Amino acid sequence: MSNSPERYDPAAVESRWQQRWEDDRVFEVSEDPDREKYYLLEMFPYPSGRIHMGHVRNYSIGDVAARIKRMSGFNVLHPMGWDAFGMPAENAAIANNTHPAKWTYENIDYMTQQLKQLGFSYDWTREFATCDPSYYRWEQLVFLQMWEKGLVYRKRSLVNWCEDCQTVLANEQVVNGLCWRCNNEPEQKRLDGYFFKITDYAEELLEWIDKLDGWPERVLTMQRNWIGKSYGAEIHFPILERGGVIKVFTTRADTLFGASFMSLAPEHPLALELSQGSEQEQPVKDFIDRVRRQSLADRADEKLKEGVFTGAYCENPMTGLKMPVYVANFVLMDYGTGAVMAVPTHDQRDFEFATEYGLPLLEVIVGPEGPVGAENMPEAFVDYGTLVNSGKYDGMDSKEGMRAIAAELEERGLGSETVNYRLRDWGISRQRYWGAPIPMVHCDQCGLVPVKESDLPVELPLDATLPETGGSPLPGLDEWVNTSCPSCGEGAKRETDTMDTFVESSWYFDRYACPDYDQGPLDPERTDYWMAVDQYIGGIEHAVLHLLYSRFYTKVLRDLGQLKVDEPFINMLTQGMVIKDGAKMSKSKGNVVDPNDMVERYGADTVRLFMLFAAPPEKDLEWSDQGVEGASRFLQRLWRLGLAVADEAQGVEAYAGGAQLAGPLAQLHAKTHDTIKRVTADAVNAMQYNTAIARVMELVNAISLAQQDESLAGDKNREAVLREAVEAAVILISPMAPHIADELWRRLGHGNYLIDQPWPAYDESALVKDEKLVVVQVGGKVRSKLTMAADADDAALEAAALSDEKVQKFIDGKAIKKVIVVQGKLVNIVV
RNA sequence: GGGAGCGUGGUGGAACUGGUAUACACGCUGGCCUUAGGAGCCAGUGCCUUGCGCAUGGGGGUUCGAAUCCCCCCGCUCCCACCA
């Protein structure tokens with residue numbers, strides 16, 4: 001190759017094209033009923049301060065998909081914005097003596113520049129931050145509408161409370177049982193809070209999982225498990241003497257005849273109540289206090305089954321057995337009813353508990369080998385089987401027995417078949433400052449009153465000073481808190497809780513369709529056009545939280561008449577993590593590679609190309625400095641080749657058929673079209689960008705060889721075929737490395753942006769070759785390869801294979817049993 | 001304990017509905033060019049006992065033919081986890 005006079009200078013080329021794209025508003029889109037829309041979205045970032053490699057990977061993958069769809073003729077919506085409320089802003093504000101808003105908006109400015117330097121094809125006119133009142137005012141409106149429909153309620157529940165920080169901690173913020181900020185041990189506290197009734201949608205959320213066939217099975221499984229639907233029965237156990245019943249949920253109503261005691265969760269209201277006035281009152285109190293003092297993590301780790309007798313008894317509705325009621329540490333208040341009918345013979349936990357406390361064991365289910373006797377059981381028999389010691393149900397199969405027993409209970413008014421969900425309502429209250437205020441007012445006369453819609457937004461006051469102690473300043477802001485009651489007009493106080501930031505991220509994708517709409521949350525016309533998101537891309541860590549909340553919120557908006565879609569995301573790609581030295585990049589591990597450094601050193605195209613090439617999108621990606629070098633080398637190679645061909649083929653049109661090609665030029669032409677075909681299959685249809693890039697590399701290798709092939713000098717088709725091949729390579733790599741591609745495209749004499757260039761079609765006839773390679777196997781092992789005329793039939797292949805010299809060696813003197821010929825490409829001789 | 005997934009050269013990874021295992025790249029080796037090179041070019045690179053050889057974690061099976069399908073085992077990762 002001739003020495004290229006011009007070295008590739010990524011910094012100059014990239015900023016030049018970024019400027020042109022911006023000046024010409026290349027990525028701005030609007031609704032166009034005549035074109036098919038495609039909505040591509042990556043999970044928006046939290047403005048933490050700097051873009052990290054995980055962002056770069058996420059947005060590089062998305063950008064390739066967006067650019068390809070655009071080139072394929074779709075009207076592509078590809079927006080970007082900021083998930084801007086949240087605790088880090090509060091902590092940073094305290095640490096740096098600044099205000100969360102200032103910190104957040106400064107970060108947004110900086111990160112916006114970073115994203116622009118990476119050359120992503122966003123329509124920046126749609127950008128917004130969720131901390132802007134023009135965004136959260138509509139969230140408050142939806143909140144009020146949900147309140148009206150009964151989809152929001154307020155209740156008292158147990159939360160993790162850090163006394164030092166004066167705030168509630170989310171479960172994720174309790175690290176190793178300690179507060180993540182001050183390392184104090186949080187305590188359990190009862191607190192009032194608002195809840196979204198996601199459980200009302202449990203069934204629909206579950207049903208739709210089966211229809212989300214563009215989602216990874218892994219995510220769907222996690223959501224299914226999270227919703228946790230199980231079929232069973234609710235059974236009422238009458239409480240002796242006191243009256244009333246204890247309700248339990250069980251999936252094993254067939255074991256009811258074996259229930260010999262009752263276990264209550266320590267938080268169960270009956271736990272204290274039943275022991276009141278008895279000599280067990282104090283021991284029960286002590287036990288509950290002790291268990292409650294354990295952090296949630298410790299309690300989950302506790303393997304020892306412990307409990308205490310309440311002094312009360314209930315009655316087994318089938319056997320009439322007097323069952324002692326215990327409080328037990330392994331019973332969860334938030335699953336089922338918080339009470340468990342204990343069947344020690346057929347549940348391992350109950351078995352351990354009964355053994356410890358000397359409670360009766362009754363064998364009621366037997367396996368094929370028949371009864372073993374409860375006293376002989378080394379552990380619980382938990383399989384299904386045949387009922388024994390179960391009155392008229394003796395001899396019945398377990399599954400039949402469950403239904404029959406539930407039916408009898410229902411008849412007697414003591415229970416029924418039922419369905420239980422693990423899913424719990426979504427607690428959205430945060431005792432935090434940097435969030436969207438919950439638009440409610442507390443009035444001494446009227447109680448809890450929603451703010452009038454006309455008074456929205458309830459703006460978060462920005463003149464607050466965050467207390468050093470970490471609590472929210474809102475309750476102390478008298479002039480903000482004190483208001484008048486929307487109902488009676490008397491003095492009242494504002495709600496000082498703010499909303500969980502997951503509420504903002506549950507509908508931001510809708511708002512991108514109409515970010516400037518001021519008549520309501522969503523412009524029906526524009527959301528109808530753009531929604532749902534055709535392809536969503538983000539980390540697996542949101543498999544349940546954000547992706548489940550968004551699905552729920554979409555259905556709520558639909559039921560409020562704000563939206564017409566049932567599901568927000570048609571296709572979902574969960575990209576893998578960026579790993580270095582075997583661990584996820586993180587400050588604490590000290591293995592962070594800063595994107596800025598890499599972009600400065602190699603350019604954005606190189607960084608993007610490396611991240612796309614080094615692993616398939618859904619798998620984890622191991623960072624490799626040498627791999628980045630490799631990507632850089634490839635682009636430099638493409639650059640030199642592109643310039644050389646632009647020079648040599650100046651004024652020559654790209655080969656477009658017609659003239660007969662032979663030898664290496666015919667091969668290069670075929671390779672060009674084969675590459676288009678395969679890159680289309682990998683990148684357009686499968687998002688397999690790693691293999692798509694490998695194909696382009698192969699093509700570039702082939703072009704390089706042909707360009708240096710002296711035997712082609714003087715061939716009248718040389719320049720035309722080289723141009724065709726180089727232009728194909730440039731177009732095909734442009735979604736991954738858009739800057740260098742546009743620059744080369746310009747230098748090859750074109751005036752348009754590659755994003756406006758139609759995705760190339762391949763010519764099937766160019767792929768037809770005169771010859772084909774036939775693999776010859778003997779007994780399934782490859783023994784020879786034959787080059788045959790393309791039109792040779794199976795009989796000819798067989799004959800040629802049998803007479804092949806190398807094959808002869810292996811079949812010599814052996815009887816040929818069978819010859820298998822596979823569609824003109826393989827012959828297998830069985831001896 | 002329950003669920004999901006994975007295991008291919010020195011490394012990241014290819015291999016379409018079973019049909020040339022190891023594409024592409026990194027690394028390494030040798031050579032060329034160069035004042036120099038984190039530059040470029042060329043050649044080589046699964047393993048070995050070099051052959052009817054062996055090889056996709058191990059073992060078995062189905063098949064003319066298995067990385068791919070089935071069974072058992074080993075190892076790793078992720079999610080949920082005392083779920084009644």
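Because the structure is a prediction, the values reported are computed rather than measured. The chains referred to below are lettered A, B, ... by the order of the sequence lines, with proteins before strands, and numbering in each begins at 1.
Across the P atoms, B/C79 and B/G40 are found 41 Å apart, a figure rounded to whole Å. Nucleotides B/G12 and B/C16 are separated by 22 Å at their C1' atoms, to the nearest Å. Going from the P atom of B/G51 to that of B/C32 covers 33 Å, rounded to whole Å. For B/G53 and B/G2, the P atoms lie 45 Å apart once the distance is rounded to whole Å. Atom name P, nucleotides B/U22 and B/G44: the rounded distance is 15 Å, in whole Å. For the C1' atoms, the distance from B/A55 to B/A39 is 38 Å, rounded to whole Å. Annotation: B/C28 and B/C64 have their C1' atoms spaced 40 Å apart (nearest Å). The separation of B/U35 from B/C47, taken at their P atoms, amounts to 37 Å, rounded to a whole angstrom.
Under a 3.5 Å cut-off, the side chain of A/Asp254 and the backbone N or O of A/Gly401 do not form any donor-acceptor pair. A donor-acceptor pair under 3.5 Å is formed between the side chain of A/Arg608 and the backbone N or O of A/Met736.
The base-pairing partner of B/C83, taking Watson-Crick or G-U wobble contacts with both distances under 3.5 Å, does not exist among the strands shown. Under the Watson-Crick or G-U wobble criterion, with both distances below 3.5 Å, B/C16 has no partner in any strand shown. Pairing of B/U35, defined by two Watson-Crick or G-U wobble distances under 3.5 Å, is not identified with any nucleotide. With both pairing distances under 3.5 Å, B/G53 is matched to B/C47 as a Watson-Crick or G-U wobble pair. Using the Watson-Crick or G-U wobble rule with both distances under 3.5 Å, B/U77 pairs with B/A4. Under the Watson-Crick or G-U wobble criterion, with both distances below 3.5 Å, B/G30 is paired with B/C42.
Listed pair A/Asn701 / B/A25 meets the phosphate criterion, a side-chain N or O lying under 4.0 Å from OP1 or OP2. Side-chain N/O atoms of A/Arg349 include one lying less than 4.0 angstrom from OP1 or OP2 on B/C83. Residue A/Arg422 places at least one side-chain N or O under 4.0 Å from the OP1 or OP2 atom of B/A81. One finds a side-chain N or O of A/Arg783 lying less than 4.0 angstrom from the OP1 or OP2 phosphate oxygen of B/G53. Considering only side-chain N and O atoms, A/Lys781 lies nowhere under 4.0 angstrom from the phosphate OP1 or OP2 of B/G51. Taking side-chain N and O atoms only, A/Lys818 has a distance below 4.0 Å to OP1 or OP2 of B/C64. Phosphate contact (OP1/OP2 of B/C16, side-chain N/O of A/Arg678, threshold under 4.0 Å): absent. A close approach under 4.0 Å does occur between a side-chain nitrogen or oxygen of A/Asn690 and OP1 or OP2 of B/A14. The shortest distance between the side-chain N/O atoms of A/Arg640 and the OP1/OP2 oxygens of B/C41 is below 4.0 Å. Contact annotation: A/Arg633 side-chain N/O to B/G27 OP1/OP2 distance is under 4.0 Å.
Across all strands shown, A/Val340 has heavy atoms under 4.0 Å from base atoms, whether or not it also approaches the sugar-phosphate. Using a 4.0 Å heavy-atom distance criterion, A/Asp334 is classed as making no nucleic acid contact. The residue A/Leu621 sits apart from the nucleic acid: no heavy atom pair falls under 4.0 Å.
Using a 4.5 Å cut-off on side-chain heavy atoms (C-beta onward), A/Thr221 and A/Arg218 make no contact.
Salt-bridge annotation for A/Asp347 and A/Arg349: present, with a side-chain N of the basic residue lying under 4.0 Å from a carboxylate O of the acidic one.
When distances run from any side-chain atom of A/Lys619 to the nucleotides B/U20, B/C64, B/G13, the shortest one goes to B/G13. For A/Arg637, the side-chain atoms get nearest to B/C41 when compared with the rest of B/C41, B/G19, B/G38. Residue A/Ala694 has its side chain nearest to B/C24 when only B/G38, B/A84, B/C24 are considered. Closest contact between the side chain of A/Ala615 and the listed nucleotides B/G27, B/C42, B/G13 involves B/G13. Among the nucleotides B/U20, B/A84, B/C82, the one closest to any side-chain atom of A/Val331 is B/A84.
Side-chain contact annotation: A/Ser230 with A/Tyr335, donor-acceptor N/O pair under 3.5 Å present. In summary, the side chains of A/Asn225 and A/Arg422 do not present any donor paired with an acceptor at a separation below 3.5 Å, with no hydrogens or angles considered.
In this structure, A/Tyr326 has its ring center closer than 6.0 angstrom to the ring center of A/Phe353.
Nearest-nucleotide mapping onto RNA chain B: of A/Ile829 and A/Glu698, the residue sitting toward the 5' end is A/Glu698. A residue-by-residue look at A/Lys305 and A/Gln777 shows that A/Gln777 has its nearest nucleotide of RNA chain B further toward the 5' end.
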